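Owing to the predicted nature of the structure, the values given are computational and were not obtained by experimental measurement. Any value given below was found using the heavy atoms of this structure, including those in side chains, with hydrogens, waters and symmetry copies removed. Index from 1, following the sequence.
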Amino acid sequence: MSRTTAPAPADRKDGANAPAGGLSHGLKQRHLSMIALGGVIGAGLFVGSGAGIAAAGPSIVVAYAISGVLVMLVMRMLGEMSAANPASGSFSVHAERAFGPWAGFTAGWAFWFLLCVAVGLEGIGAAQIMTGWFPGTPEWAWVALFMVVFCGTNLAAVKNFGEFEFWFAALKVGAIVLFLGIGVLAITGLLPGTEAPGTANLSGAGGFFPHGSEGLIVGLLASVFAYGGLETVTIAAAESEHPVQGVAKAVRTAMWRIALFYIGSMAVIVTLVPWDDKAVVEKGPYVATLNHLGIPAAGQIMNVVVLVALLSAMNANIYGASRMAGSLVARGQGPQVLGRLFGGVPRPAVLVSSLVGFGCVLLSYWSPDKAFIWLLNTIGAIILVVWFFIAASQLALRGRTEREAPEKLVVRMWLHPVLTIVALLGMAAVFFLMAREEGTRVQLYATGALTAVLAVIGYALQRARGTDRAQEPVTDRA
């Protein structure tokens with residue numbers, strides 16, 4: 001579909017459905033709020049955080065606090081732009097408005113690729129849990145089943161996606177709240193059968209920084225990528241009943257709650273369990289903590305929670321990938337067939353995104369040591385690239401919005417432009433730290449190569465069309 005210069009959804013006062021041929025607007029505020037909360041609560045927190053604890057020890061709390069501040073700044077900037085101009089292409093649309101079509105092309109297709117690969121990874125993780133419960137069943141069959149289910153929910157009306165995510169996120173949030181409650185009782189000595197641990201686990205076994213600054217850096221890098229996923233709420237907001245109010249409220253409430261969940265969880269874990277306990281990595285920090293407290297069937301309880309987290313992420317990533325692809329096509333930056341809408345849903349984009357995700361799963365079986373590892377390395381730092389585009393776009397667009405339509409600044413970045421520049425410097429520091437660490441250097445270079453290739457293609461397409469639309473209003477069909 002061709003790009004349109006029709007008024008953006010921000011101009012709709014009544015929250016009515018989109019015009020004929022546009023995306024539907026079936027998401028409610030409760031959907032957005034839970035998508036924002038549940039989007040980043042995944043297996044990376046429940047299981048993957050164990051590696052960060054093993055590297056940083058108790059200082060993992062500091063690592064999550066630092067990266068939490070960074071992600072809060074990024075989401076505040078994205079919230080400002082998305083409330084002013086809601087669009088299903090989110091930061092891709094904002095980057096195009098700020099710097100031209102090449103920037104929107106680069107940020108959008110990089111994020112689409114990240115989400116498709118993530119769908120495959122989450123499918124593999126969920127299948128491994130299922131084969132543990134049903135020995136002898138093939139992993140690929142479980143992945144295929146999950147793909148069919150969530151592809152189906154995304155092919156239907158957007159409200160179906162919203163309902164699935166609402167209940168998935170509610171279960172994850174409930175599990176975190178229950179864990180924090182049990183943890184606080186145990187720390188204070190009020191949980192039956194336990195004694196207050198005091199600061200023994202925080203100061204023992206090498207102290208608060210057992211591996212020094214190097215350990216803190218590794219923990220910081222692990223925590224940065226654990227926060228990825230919040231961006232989906234600004235994509236979904238374009239299909240809500242009231243896009244401007246929806247994204248503004250979701251961003252404001254989600255930031256501090258997620259910081260509480262992440263930082264609070266890490267503080268509870270390292271206070272109750274010795275950081276060098278092998279179970280923290282082998283079984284996951286949440287299972288290790290619940291086992292340490294003598295909670296019955298802790299492993300199986302957390303397996304259910306992790307399975308829900310993985311399935312939720314699959315559902316959300318198929319949705320995000322399809323909407324990003326549809327937005328790019330609507331702006332003339334992708335194959336037209338992907339942009340066709342059926343009942344307000346970009347069904348070809350849903351199908352292709354799901355198939356690419358399943359293709360990544362097949363690569364994990366056909367070429368686990370080459371092609372699959374290359375995929376993992378390529379997506380290693382894409383979320384940081386996206387955050388960089390968000391911050392740079394906000395820095396460029398804030399002044400323009402204040403001059404042309406100040407009433408659209410429903411959400412404002414704090415202490416602009418100082419904190420925006422601080423965030424950009426923080427991202428640059430993370431890139432530098434990744435280049436220093438052997439384990440992340442390859443990921444940085446692979447992601448950099450992919451970003452450079454996309455930027456060259458995007459710029460070539462921009463030049464071929466003789467366009468430079470950085471100064472023009474840019475909308476997608478949301």
Next on the checklist: Do Leu115 and Tyr319 have side chains that approach each other closer than 4.5 Å (heavy atoms only, starting at C-beta)?
Outcome noted: no
Checklist entry - With sequence neighbours excluded, what pairs up with Ala95 under the side chain to side chain contact (heavy atoms under 4.5 Å, CB included) test? => result Ala103, Phe389, Ser393
Checklist entry - Considering all heavy atoms of both residues, which atom of Leu351 and which atom of Cys151 are nearest to each other, and what is their separation? => result CD2-SG, 3.7 Å
Next on the checklist: Between Arg97 and Asn85 (side chain of the first, backbone of the second, donor and acceptor by atom type, cut-off under 3.5 Å), is there such a pair?
Outcome noted: no
Next on the checklist: Return the CD to CD distance between Gln394 and Glu80, rounded to the nearest 0.5 Å.
Outcome noted: 4.5 Å
Checklist entry - Less than 4.5 Å apart, any side-chain heavy atom of Ser67 and any of Leu220? => result yes
Checklist outcome for this item: To the nearest 0.5 Å, atom CD of Glu122 lies from atom CG of Asn317 at 4.5 Å
Checklist outcome for this item: In short, Ser223 meets Ala63 closest at the heavy-atom pair OG-O, 3.3 Å
Next on the checklist: Apply side-chain contact (heavy atoms from CB on, under 4.5 Å) to residues Thr106 and Val385 and explain how you reach the verdict.
Outcome noted: CA-CA 10 Å; Thr106 304; Val385 172; 5.6 Å; no
Checklist entry - Do Leu307 and Met130 come close enough that some side-chain heavy atom pair is under 4.5 Å? => result yes
Item to check | OG on Ser82 to CD on Glu231, rounded to 0.5 Å | outcome: 10.5 Å
Checklist entry - How far apart are the C-alpha atoms of Thr420 and Leu73, what are their side-chain angles, what is the distance that settles it, and do they pass the side-chain contact (heavy atoms from CB on, under 4.5 Å) test? => result CA-CA 7 Å; Thr420 300; Leu73 296 179; over 6 Å; no
Checklist entry - When rounded to the nearest 0.5 angstrom, what distance separates CH2 in Trp167 from NE2 in His31? => result 9.5 Å
Checklist entry - Under 3.5 Å, is there a donor-acceptor pair between the side chain of Thr289 and the main chain of Pro285? => result yes
Checklist outcome for this item: Correct closest heavy-atom pair for Leu70 and Ala423 would be CD1-O, 3.7 Å
Item to check | Closest non-hydrogen atom pair between Leu78 and Thr234, with its separation | outcome: CD2-OG1, 3.5 Å
Checklist entry - Are there more than 12 heavy atoms of other residues, nucleotides or ligands under 6.0 Å from atom CH2 of Trp366? => result no
Checklist entry - Which pairs count as ring pair (Phe, Tyr, Trp, His ring centres under 6.0 Å) when at least one residue sits in residues 323-363, sequence neighbours excluded? => result none
Checklist entry - Going through the distances and angles, do Val305 and Leu171 end up as a side-chain contact (heavy atoms from CB on, under 4.5 Å)? => result CA-CA 8 Å; Val305 174; Leu171 286 171; over 6 Å; no
Next on the checklist: If you apply the rule side-chain contact (heavy atoms from CB on, under 4.5 Å), what do you find for Val119 with Ser353, and how did you get there?
Outcome noted: CA-CA 9 Å; Val119 166; Ser353 300; over 6 Å; no
Next on the checklist: If you define the side chain from C-beta out and look only at heavy atoms, does anything of Leu375 sit under 4.5 Å from Ile379?
Outcome noted: no
Next on the checklist: Please evaluate residues Arg30 and Glu163 with respect to the criterion salt bridge (Lys or Arg N to Asp or Glu O under 4.0 Å), reporting the C-alpha separation (whole Å), side-chain torsions for both, the decisive distance (0.1 Å), and the verdict.
Outcome noted: CA-CA 9 Å; Arg30 66 182 179 90; Glu163 284 299 321; 2.3 Å; yes
Checklist entry - With distance as the sole test, does Thr378 use its side chain to make a donor-acceptor pair with the main-chain N or O of Trp374 at under 3.5 Å? => result yes
Checklist entry - Under the 3.5 angstrom rule, does the side chain of Arg323 hit a backbone N or O of Gly89 as a donor-acceptor pair? => result no
Next on the checklist: How long is the straight-line distance from NZ of Lys172 back to CD of Glu165, given to the nearest 0.5 Å?
Outcome noted: 6.0 Å
Item to check | Ser265 and Tyr286, any side-chain heavy atoms less than 4.5 Å apart | outcome: yes
Checklist entry - How far apart are the closest heavy atoms of Val345 and Val158, and which atoms are they? => result CG2-N, 4.4 Å
Next on the checklist: Is it the case that over 12 heavy atoms from other parts of the model lie below 6.0 angstrom from the CZ atom of Phe388?
Outcome noted: no
Item to check | pair Asn154-Phe164: side-chain heavy atoms closer than 4.5 Å | outcome: no
Checklist entry - How long is the gap from OG on Ser364 to CG on Asp369, to the nearest 0.5 Å? => result 11.0 Å
Item to check | Donor-acceptor contact present, side-chain Trp109 to main-chain Gln333, <3.5 Å | outcome: yes
Next on the checklist: Within the structure provided, determine whether Ser92 and Phe111 are in side-chain contact (heavy-atom separation under 4.5 Å).
Outcome noted: no
Item to check | Side-chain donor-acceptor contact under 3.5 Å, Thr131 with Trp142 | outcome: no
Checklist entry - Are any non-hydrogen side-chain atoms of Val149 and Leu311 less than 4.5 angstrom apart? => result no
Checklist outcome for this item: Nearest heavy-atom approach of Met434 to Phe225 is SD-CZ, 3.7 Å
